[in-house]
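Reading through the structure tokens given below for one structure.
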Amino acid sequence: MQERYEPAVIEADAQRDWEARGTFRVSEDPSRPKYYCLCMFPYPSGRLHMGHVRNYTIGDVLTRYMRMQGHNVLQPMGWDAFGLPAENAAMAHGVPPAKWTYDNIDYMKRQLKSLGFGIAWDREVTTCRPEYYRWNQWLFLRMLEKGIAYRRTGVVNWDPVDQTVLANEQVIDGRGWRTGALVEKREIPMYYLRITDYAQDLLDALGSLPGWPERVRLMQENWIGRSEGLEIEFEVEGAAEPLAIYTTRPDTLCGVTYMAVAAEHPLAQRAAVGNPDLQAFIAECQRSGVTEAALETMEKRGMPLGIHAIHPITGERVPVWVANFVLMGYGTGAVMAVPAHDQRDWEFARRYGLRIHPVVQPLDGSLPDIESGAFTEHGRLINSGRFDGLEFDEAFDAYAKFFEAQGTGKRRVNWRLRDWGISRQRYWGCPIPLIHCATCGVQPVPDDQLPVVLPEDLVPDGSGNPLGKSESFLKCACPKCGGPARRETDTMDTFVDSSWYFFRYASAGNDRAMVDERAAYWLPVDQYIGGIEHAILHLLYSRFWTRVMRDLGLTQVEEPFTNLLTQGMVLNEVFFRKPASGRITYYNPADVDVQVDDKGARIGAVLRSDGEPVESGGIGTMSKSKNNGVDPQALVERYGADTARLFMMFAAPPEQTLEWSDEGVDGAFRFMKRLWKAVHQHVSAGPAQALDVAALDEASRTLRRQVHETLVKVTTDIGKRRTFNTAIAAVMELMNAINRFDDRSPQGRAVVQEALETVVLVLAPVVPHACHALWRELGHTTVLVDERWPEPDARALERATVEVVVQVNGKLRGRVTVPAGADESVVREAALADPNVQRFMEGKPVRKFVYVPGKLANVVV
RNA sequence: GCCGGGAUGGCGGAACUGGUAGACGCACCGGACUCAAAAUCCGGCGGUGGCGACAUCGUGAGGGUUCGAUUCCCUCUCCCGGCACCA
């Protein structure tokens with residue numbers, strides 16, 4: 001056996017071996033339990049980043065673990081290959097997005113292979129390939145037929161200089177990122193998917209997802225945002241049509257002191273005619289951003305329209321305002337304002353001197369305090385005429401009945417969730433398969449003409465969609481009348497691509513159907529793993545898309561992902577210098593030396609190249625802008641894939657953020673060397689004898705118990721808790737025990753042989769290359785990746801005595817050793833006899849004796 | 001602003017169902033080996049007091065429940081993720 005641990009050689013050997021054996025190619029085998037382990041596929045940005053390495057290492061550990069547990073495991077991989085960065089790269093370097101994307105895929109695929117992930121590469125999916133996205137188009141046409149897809153206008157960010165639609169991330173402080181021009185809101189026709197038709201189902205089914213983190217279910221529940229309320233019509237003076245509003249607080253109706261409508265609302269538009277001030281204000285509302293965060297954080301402003309609504313209960317005249325925080329897209333584009341019981345309305349009323357009229361009092365009968373803020377809790381009605389004295393539920397019912405009887409209002413369920421706008425005015429995406437004909441209008445592309453292929457040779461220049469300038473793409477015949485027509489140039493949101501790729505892995509290569517019977521074998525995904533940043537949108541869209549496929553008879557599956565693991569982000573330190581004048585410069589932590597005092601505490605940091613100090617910017621996500629990324633490739637070349645994988649899994653539990661640490665990587669590498677050395681030392685003394693459990697001495701029995709205790713712990717940590725860091729810590733502890741054990745007798749060596757075999761087996765999912773080699777060195781002719789996970793020996797786990805800690809009044813005062821399974825009375829006697837325990841009891845009688853069997857006793861005096 | 005999450009030694013983290021706070025690793029300190037260094041091995045390592053046995057304080061801040069709270073409840077601070085065209 002090689003004495004030195006040489007990862008480059010070991011890893012290449014192992015990978016060659018798996019490749020030659022076709023170890024990770026899988027087929028559908030109904031005789032074995034299946035396990036579909038899926039990691040979120042990467043966007044091919046150029047190189048893998050540490051987040052990918054973390055994600056795919058978690059997936060690979062589970063894949064290899066479940067394989068050892070006897071499952072038929074599928075771990076596929078693919079590319080989320082459409083998207084904005086390819087267009088940005090095209091603009092920067094003049095390369096077509098297609099070439100850039102395919103080159104990146106080639107490089108990143110090599111990186112993934114070098115990390116030793118057990119991927120079924122024969123099922124690879126690339127979303128920018130026509131053989132993939134034709135099925136986006138095909139399903140879109142089915143949705144159009146069923147009315148799930150429809151056309152209406154939507155608001156986008158418009159850069160007036162570049163004459164182009166901007167993504168939210170391309171709008172910086174309200175200005176276009178390239179032109180610096182003030183961005184305008186613009187309404188354009190777009191295609192939407194009726195995800196709101198599925199809102200109730202998507203909400204209810206969250207309850208059937210016990211394998212999802214509670215926080216993700218909560219976030220989705222809040223995102224869907226079901227609310228029950230009343231839709232109420234207010235008469236408007238001098239207008240034929242009433243003003244409809246939706247409220248979840250009908251009990252506060254008599255507290256309405258003004259109404260607010262969106263800038264785009266017909267009432268506001270009409271009032272603005274001939275009123276320049278109002279026109280200016282409405283134009284200003286058009287200029288704010290379109291994101292919810294921007295709308296919620298901006299200053300709440302408004303202007304009276306000079307018209308009045310009639311309160312449906314009191315008959316009072318109520319002024320109607322236009323306000324920048326009311327959105328035409330939400331509900332009816334108008335709200336009733338109750339400043340006494342809604343904080344936002346309260347602030348608005350204070351600002352503009354509007355009346356604040358309390359109509360709800362706390363249940364204790366006190367008067368609501370509306371001086372410092374709104375009273376927003378439920379309570380009892382006052383100042384509400386014949387509704388006085390009612391509580392929330394009663395008031396809700398009473399008002400509902402009142403309006404239903406009059407036909408001027410009704411109960412309504414409202415959703416925060418909005419329909420999914422899938423149109424993008426961009427080139428590098430899946431073409432929406434529609435044709436515009438001057439005589440026949442919008443026509444779907446017939447199925448036999450699919451796919452509508454995206455030309456791969458265009459280069460965007462930032463001024464609009466290049467598809468709109470490509471005659472060869474645009475020109476087509478109308479499928480209905482045969483006359484000249486033009487193709488739709490909008491492409492689909494890339495969330496469409498990622499909403500069903502997990503079905504396609506299981507139906508790879510089928511050019512006649514979107515999914516086939518292989519999907520019925522593999523779906524649903526047993527374990528999905530990806531970043532927490534996808535907790536809402538991607539996961540919700542996938543759940544929706546799966547339901548549409550179910551309704552079209554394409555699958556029986558309703559929920560695509562049975563278990564979900566959301567991994568935390570990978571962080572690193574941030575170092576920078578900010579000269580008195582000039583731009584801030586970030587330095588890569590690899591180029592910075594940290595200075596510590598003699599206790600190891602940090603006292604400063606200097607740039608290695610010039611020895612001058614740099615400032616610490618704390619810890620942040622690895623990013624280009626902060627220049628704090630670590631290249632996985634350099635890591636693998638220096639330490640090997642196993643060390644990289646071991647560090648990633650050891651440094652933090654998977655759901656938490658992970659802080660990068662070069663020293664931590666060194667530590668992981670040292671452990672690999674120690675492991676290698678321990679096996680080398682053991683093996684170089686010749687083969688071990690068979691283990692005779694009955695012949696072991698005390699020290700050997702203790703080591704053997706530690707081996708089996710570790711096995712139990714690692715099995716639950718990997719298999720149930722998914723806390724790989726504690727599993728690895730337990731194995732490190734065992735390795736320390738093995739290294740301290742120096743019994744070279746035949747039975748001593750037999751115990752060590754069993755211990756080392758166990759270590760190699762349980763570490764195989766984490767550091768598969770080294771373990772692959774070590775398994776052979778330990779005398780096996782089998783291939784480790786096909787071995788079964790070991791079973792603990794119950795008899796090895798038995799203990800004769802246990803240590804019980806003894807507290808007096810909850811404070812630790814002593815320890816007693818008692819026979820395992822001893823009665824409480826035995827423990828009590830031993831505990832009370834302990835001198836230190838007696839000292840702290842100060843001769844007082846025992847008031848209470850709490851005993852946690854085998855662990856702890858608390859004497860209360 | 002709203003929704004979700006987090007905060008434990010010098011650092012990353014552990015404590016699984018309310019029961020020994022600090023496992024494991026890193027950094028640091030001391031020692032062995034070495035002409036020396038690196039590597040490796042051994043030992044120490046939350047603060048304070050004590051020669052020591054041990055005591056005492058200590059899990060972001062403040063309060064509460066409990067025999068017992070890092071864990072449960074309330075209030076607050078800071079950090080991170082998402083907010084519908086980044087993926």
Checklist entry - For B:C85, does OP1 or OP2 lie under 4.0 Å from any side-chain N or O of A:N157? => result no
Item to check | Contact under 4.0 Å: A:K811 side-chain N or O vs B:C57 OP1/OP2 | outcome: yes
Item to check | Sugar-phosphate, base or nothing in reach of A:Y43, heavy atoms under 4.0 Å | outcome: sugar-phosphate
Checklist entry - At under 4.0 Å between heavy atoms, what does A:K848 touch on the DNA or RNA strands: base, sugar-phosphate, or nothing? => result base
Next on the checklist: Please give the distance between the C1' atoms of B:A14 and B:A21 as a whole number of Å.
Outcome noted: 9 Å
Next on the checklist: Nearest whole Å is fine: how far is B:C16 P from A:E709 CD?
Outcome noted: 17 Å
Checklist entry - Is the charged tip of A:R4 near the ring of A:W676: under 6.0 Å from the six-membered ring centre and within 45° of its axis? => result no
Next on the checklist: Please determine whether a side-chain nitrogen of the Lys or Arg among A:E292 and A:R416 lies less than 4.0 Å from a carboxylate oxygen of the Asp or Glu.
Outcome noted: yes
Item to check | B:A27 phosphate, OP1 or OP2, under 4.0 Å from A:R670 side-chain N/O | outcome: yes
Item to check | A:R424 vs B:C85: side-chain N/O to OP1/OP2 distance below 4.0 Å | outcome: yes
Checklist entry - Any ion pair linking A:R178 and A:D162 (charged N to carboxylate O, less than 4.0 Å)? => result yes
Checklist entry - Which is true for A:K713 with a 4.0 Å heavy-atom rule: it touches a base, it touches only sugar-phosphate, or it touches nothing? => result base
Checklist entry - So, is A:R813 near the phosphate of B:U56, with a side-chain N or O under 4.0 Å from OP1 or OP2? => result yes
Item to check | C1' spacing across the pair B:C72 / B:U66, given as an integer number of angstrom | outcome: 10 Å
Checklist entry - Across the strands shown, which category fits A:P653 at heavy-atom distances under 4.0 angstrom: base, sugar-phosphate, nothing? => result sugar-phosphate
Checklist entry - Is it true that the NZ or CZ of A:R152 lies under 6.0 Å from the centre of A:Y192's six-membered ring and within 45 degrees of the ring axis? => result yes
Next on the checklist: For a quick check of understanding: with a heavy-atom distance under 4.0 Å over all strands, which category does A:H538 fall into, base, sugar-phosphate or nothing?
Outcome noted: nothing
